[in-house]
Amino acid sequence: MFLEVEISGNVFLPPSELDKQGLILHRSIILHLLEDIARKKATQDHGYFVAVTTLNQVNNGRIREDEGNVRFPVTYNCVTFKPFKGEILEGNVKQIMKHGVFMSCGPVDTVFIAAQKMVDYQYVAGDSPMFISQRRPKIEIGSIIRFMVLGTKWVETERAFQVLGSLSGDFLGPIR
């Protein structure tokens, strides 16, 4: 689900980027904020950072004596994407195995749907493995699948979510 959240944080500027003209300083703060967000990628509370929509407040900077950088406390609004249990999403099949399929869904690179959660589908091995059904389109690499989120897990070391999905339900399954 896409959310718009207000986040408070700090932006650190080196002395070389400080300028008496407000516009150049403001530009440097925005660029460093965007770099920090790209480096963070996601947080457990807010999800994946998609876009900064507004820079609400920039407080006075304070010099950090140990490094010489200037710390500016900032408040900004950001669009984020966070998967929630029970949500219906669409994903792109990346890998097919006997036990299920791995997909990506937007910024989420690890979505797994177990074979047990794919009602009426049977695994077919070969050079191009797939799942087939008598009543539904086949699932192969590159298929777009609508699924329901059964659960999520935050992996701190990767700064990413892992999602477990299911095709059990109305209007779930391959759409392309």
Side-chain angles (χ1 to χ4, degrees), residues 1-95 100-114 142-166 169 171-172 175-176:
M1 175 181 299
F2 288 97
L3 308 167
E4 184 164 11
V5 295
E6 184 176 81
I7 300 173
S8 296
N10 293 307
V11 173
F12 299 95
L13 292 182
S16 61
E17 294 187 25
L18 298 176
D19 189 71
K20 291 180 183 178
Q21 297 177 353
L23 289 177
I24 295 174
L25 178 62
H26 195 72
R27 182 176 179 271
S28 293
I29 291 171
I30 291 171
L31 289 175
H32 279 272
L33 175 63
L34 293 174
E35 288 172 4
D36 290 346
I37 288 173
R39 204 172 15 260
K40 280 183 189 175
K41 183 178 167 183
T43 65
Q44 185 174 5
D45 295 333
H46 301 299
Y48 293 90
F49 298 113
V50 177
V52 174
T53 55
T54 56
L55 181 59
N56 299 332
Q57 186 175 11
V58 178
N59 293 322
N60 292 332
R62 296 206 184 269
I63 297 173
R64 295 180 63 190
E65 294 178 17
D66 56 335
E67 296 178 13
N69 291 343
V70 179
R71 178 181 63 92
F72 290 92
V74 296
T75 304
Y76 58 95
N77 285 4
C78 186
V79 174
T80 62
F81 175 78
K82 184 176 180 182
F84 289 98
K85 182 178 179 179
E87 184 175 15
I88 305 297
L89 297 173
E90 294 177 2
N92 186 1
V93 176
K94 299 294 183 190
Q95 184 181 9
V101 298
F102 281 98
M103 304 185 308
S104 63
C105 173
V108 182
D109 289 330
T110 308
V111 176
F112 180 71
I113 300 178
S143 295
I144 304 296
I145 297 180
R146 184 175 295 129
F147 66 96
M148 182 173 64
V149 176
L150 292 179
T152 63
K153 177 183 176 185
W154 171 251
V155 182
E156 183 65 39
T157 55
E158 297 176 18
R159 302 202 60 76
F161 286 93
Q162 294 178 343
V163 173
L164 182 62
S166 172
F171 307 107
L172 301 179
I175 56 176
R176 281 187 263 155

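One-based numbering along the sequence shown.
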Original post:
Residues in side-chain contact (heavy atoms from CB on, under 4.5 Å) with P73, at least two apart?
Top reply: N10, N59, R71
Original post:
Taking atom SG of C78 and atom CG of L55, what is their separation to the nearest 0.5 Å?
Top reply: 11.5 Å
Original post:
So, for Y48 and R159, which heavy atoms are closest and what is the spacing to 0.1 Å?
Top reply: CE2-O, 4.4 Å
**OP:** Please tell me if the side chains of I175 and I145 come closer than 4.5 Å, counting only heavy atoms from C-beta onward.
**Re:** no
Original post:
Out of curiosity, F102 CZ to D109 CG, how far, rounded to the nearest 0.5 Å?
Top reply: 12.0 Å
Original post:
I88 and F147: side chain to side chain contact (heavy atoms under 4.5 Å, CB included), yes or no, with the steps?
Top reply: CA-CA 6 Å; I88 305 297; F147 66 96; over 6 Å; no
Subject >> Spatial distance of atom NE2 (H46) from atom NZ (K40) [nearest 0.5 Å] >> reply: 8.5 Å
Original post:
Does the side chain to side chain contact (heavy atoms under 4.5 Å, CB included) test come out yes or no for Q162 and L164, once each step is laid out?
Top reply: CA-CA 7 Å; Q162 294 178 343; L164 182 62; over 6 Å; no
**OP:** Examine distances only and state if a side-chain atom of T80 and a backbone atom of F49 form a donor-acceptor pair shorter than 3.5 Å.
**Re:** no
Subject >> CG on N56 to OG on S8, rounded to 0.5 Å >> reply: 8.5 Å
**OP:** Please examine the side chains of Y76 and I37, heavy atoms only from C-beta on, and report whether any two atoms are closer than 4.5 Å.
**Re:** yes
**OP:** Output, in order, the C-alpha distance, side-chain angles, deciding distance and verdict of side chain to side chain contact (heavy atoms under 4.5 Å, CB included) for Q57 and V74.
**Re:** CA-CA 5 Å; Q57 186 175 11; V74 296; over 6 Å; no
Original post:
Where do Q44 and K82 come nearest, in terms of heavy atoms and distance?
Top reply: O-NZ, 3.0 Å
Subject >> F12 side chain near R64 side chain, heavy-atom distance below 4.5 Å >> reply: yes
Original post:
Picking from V163, V111, L89, what satisfies side-chain contact (heavy atoms from CB on, under 4.5 Å) with M103?
Top reply: V111
Subject >> Side-chain donor/acceptor of T53 to backbone N/O of N77, under 3.5 Å >> reply: yes
Original post:
Can you check side chain to side chain contact (heavy atoms under 4.5 Å, CB included) on K85 and L150, steps first, answer last?
Top reply: CA-CA 5 Å; K85 182 178 179 179; L150 292 179; 5.9 Å; no
**OP:** Work out which heavy atom in C105 is nearest to a heavy atom in F81; give both atom names and the distance.
**Re:** O-CE2, 4.1 Å
Subject >> Shortest non-hydrogen contact from T152 toward P83 >> reply: CG2-O, 3.6 Å
**OP:** Measure the spacing between CZ of F72 and CD1 of I29 and express it to the nearest 0.5 Å.
**Re:** 4.5 Å
Subject >> Sub-4.5 Å side-chain heavy-atom contact between L3 and V79 >> reply: no
Original post:
For E65, does the CD atom sit with more than 12 other heavy atoms under 6.0 Å from it, leaving out its own atoms?
Top reply: no
**OP:** Would you check if M148 and L172 make a side-chain contact, meaning some heavy-atom pair closer than 4.5 Å?
**Re:** yes
Original post:
Between S104 and Q95, is any pair of side-chain heavy atoms under 4.5 Å apart?
Top reply: no
Original post:
Are a donor atom and an acceptor atom from the side chains of D45 and T43 found within less than 3.5 Å of each other?
Top reply: no
Original post:
Counting only heavy atoms not in R62, do more than 12 fall under 6.0 Å of its CZ?
Top reply: no
Subject >> Heavy-atom donor-acceptor pair, E87 side chain to F84 backbone, under 3.5 Å >> reply: yes
